[in-house]
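A, B, ... follow the sequence lines: proteins, then strands. Residue 1 opens every chain. Everything numeric in this text was worked out from a predicted model, so none of it was measured.
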Amino acid sequence: MTHETAGAPGRDFIRDIIESDMAAGKSQVVTRFPPEPNGYLHIGHAKAIQINFGVARQYGGRCHLRFDDTNPTKEEQEYIDAIKRDVHWLGFDWGPHLYYASDYFEQLYEWAEHLIRTGKAYVDDLGAEEMRAMRGNLTEPGRDSPYRDRSVAENLDLFRRMRAGEFPSGARVLRARIDMASGNMNLRDPVLYRILHAEHPRTGSKWYIYPTYDFAHGQSDAIEGVTHSLCSLEFEDHRPLYNWLIEHLPVPSRPRQYEFARLNLSYTVLSKRFLTELVRQGRVSGWDDPRMPTLAALRRRGVPPAAIRDFVNRAGIARANSVVDIAMFEHSIRELLNKTAPRRMAVLRPLKLVIENYPAGAGEELEAVNNPEDPAAGTRRIAFGRELYVEQDDFMEDPPKNFYRLSPGREVRLRYAYFVTCRDVVKNSAGEITELICTYDPLTRGGNASDGRKVRATLHWVSAAHAPRAEIRLYNPLFARPDPGAGGDFMADLNPHSLERLTGARVEAALATAIPEEPIQFERQGYFCADVDSAPDHLVFNRTVGLRDSWAKVQGAG
RNA sequence: UGGGGCGUAGCCAAGUGGUAAGGCAGCGGAUUUUGAUUCCGCGAUGCGGAGGUUCGAAUCCUCCCGCCCCAGCCA
């Protein structure tokens, strides 16, 4: 609960605008999240989703989920389904307000004719190349198309025939008649409709012409009664066109567009084009590869939606381009999981430890706390015996001063079990340590010495006779540099060590029934969850995020 | 060189004329049966720069510098 209140959205310029609008008499707030179904949602979209749904909820309004499906050559039903699933998973509900820009194609068409009749739009026969050449550039004005002054009757006739499918794809377009000399390129007679003989996921083969984003978006907002159309900064110079269309059309409402900076994350790429490329080239296993920044991937990796919401709230909303440190995201994940994830023990890189004074063939069960941060989580019994596994990293034959885990002659605590002292080290012919011979103190059962003596370290462990094997997938940043692509080619910046598979791990018996997506803390290691690939005879766990590790820091510095 | 934006600590980000919030990261220290968590402490005489207005400027004015977006029949 506290994590939700801690991550509550603060003040921001959008909320300021809405509040002053309401103070000025605007009766309700209607927003919309308008994804194009041409890819999976990622954490950047989480920000847009949260702003739109969050603001609507906060001010008693509503938020629509509207698919911006105006380009049938790129959109697919698979994406529509995935987007709906992900928005719900993130924790938002559009209720009955699920819409598609394609629902408005007929109305949009009528409005296009309206523009033609009022002399505000014309059919242009220029090819794409010619049109670009005549559009001018950033410093030079464009030139009027030779078709710019066609009669209303001819425009109407041509546009109707475009709709009827009389012309091939790309043959003609409908353009707004605004100003070819505008400093704003979007006002140089922007294309409103293009001919596309393509099957649409929802309208099938009904249409041969499709509206562009500019012609569909604002009008869709107006049809739905959207009051605040919130989008990202790159649409800023589309706003004059957005307003122009609203002004020149008999739309039922007057929505207003406001822009905010999109979310960027260090060591991450958040662009559908790049993500699509990673999937298409097989650089990742799919849209839900746990290394991806997609919501589907974060879910599979074990990141709770509440952690994403908390992170987005922390990052804030502003109009300045920025790149948020991935560490801030990890902090949100850890903070939530620390309070909620049950603890278990798992040995990632096992080293056998034999307790020579523990009776052979004997065994016992010890009580372990499920979550020290949450007494209500209770306790569990874990098997203990003569042969155990501990982490290879927890032993050093010749340790430096600041290493206080196990080493020859040193006593440490086995969590929730006993104090053990290392008596001998067994090596193979290659000189590698294969086994640790220890003794235990029966009077330290549970982890405390009756004489009050202390040990510096506490190790996690599993009973060799009871611990199933497991595959552990450790994830590191997908990119090796904080600003992938800054060098020109983001593919060249891929981190070759983004996935590390450990196949010989041994885990606490209770982990055999772990359920995908449910967070677990492997004590002293990090937060993990069972992967969807996991099966009873082949357990697989994903590392969501590691615990903070000041020892690693000390080592790195040394 | 056209149009539109943005510049507050390493990274986000409040602040809207009254003397620089908060978070992340980092660095100390305390506690600790997770080298985790938790707790305590530390950072901008300064708000891209230079002038100006004012009793007073991150906030107002002028000029300059830097960065981002726009030349798809993508969104």
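- At a threshold of 4.0 angstrom between heavy atoms, the contacts of A/T139 include nucleobase atoms, whether or not backbone atoms are also involved.
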Checking side chain to side chain contact (heavy atoms under 4.5 Å, CB included) for the pair A/Q525/A/E391: CA distance, chi angles, key distance, verdict?
-> CA-CA 10 Å; A/Q525 298 284 175; A/E391 209 69 59; 2.9 Å; yes
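- Residue contacts for A/Y416: at a heavy-atom cut-off of 4.0 Å it reaches a base atom on one of the strands shown.
- When the P atom is used for both B/G10 and B/U45, the distance is 11 Å, rounded to whole Å.
- Between the P atoms of B/U1 and B/A44, the separation comes to 37 Å (whole Å).
- One P atom belongs to B/C6, the other to B/A75, and the distance between them is 26 Å to the nearest Å.
- Of the residues A/N370, A/N371, A/D374, the one that meets the side-chain hydrogen bond (donor to acceptor under 3.5 Å, both in side chains) test with A/R343 is A/N371.
- Screening A/Y210, A/Y208, A/F215 for a ring-ring contact (aromatic ring centres under 6.0 Å, His included) involving A/F105 leaves a single residue, A/Y210.
- The interatomic distance linking A/D310 (CG) with B/C24 (C1') rounds to 11 Å, in whole Å.
- Comparing the C1' positions of B/G35 and B/G43 gives a spacing of 26 Å, expressed to the nearest Å.
- In this structure, A/R163 is positioned above the aromatic face of A/Y109, its NZ or CZ under 6.0 Å from the six-membered ring centre and within 45° of the axis.
- Using a 4.0 Å heavy-atom distance criterion, A/P372 is classed as a base contact.
- Listed nucleotides: B/G23, B/A25, B/A13. Nearest to the side chain of A/A318: B/A13.
- Within a 6.0 Å radius of CZ in A/R15, more than 12 heavy atoms belonging to other residues, nucleotides or ligands are found.
- For A/L187 and B/G2, the CG to P distance is 18 Å, given to the nearest whole Å.
- Using C1' as the reference atom, B/U53 and B/C61 are 7 Å apart when rounded to the nearest Å.
- In terms of heavy atoms, A/V420 sits closest to A/L406 at O-CD1, 4.4 Å.
- Between atom CG of residue A/L443 and atom CG of residue A/N448 there is a gap of 12.5 Å, rounded to the nearest 0.5 Å.
- With rounding to whole Å, A/H460 atom NE2 is found 18 Å from B/U32 atom C1'.
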Which letters describe nucleotides 67-75 of chain B, given B = protein heavy atom under 4.0 Å from base, S = only from sugar-phosphate, - = neither?
-> -SBBBSBSB
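- Judged by atom type and distance alone, A/R343 reaches the base of B/U34 through a side-chain donor-acceptor pair under 3.5 Å.
- Base orientation of B/G72: syn (glycosidic angle within 90° of 0).
- When both distances must be under 3.5 Å, the Watson-Crick or G-U wobble mate of B/A9 does not exist.
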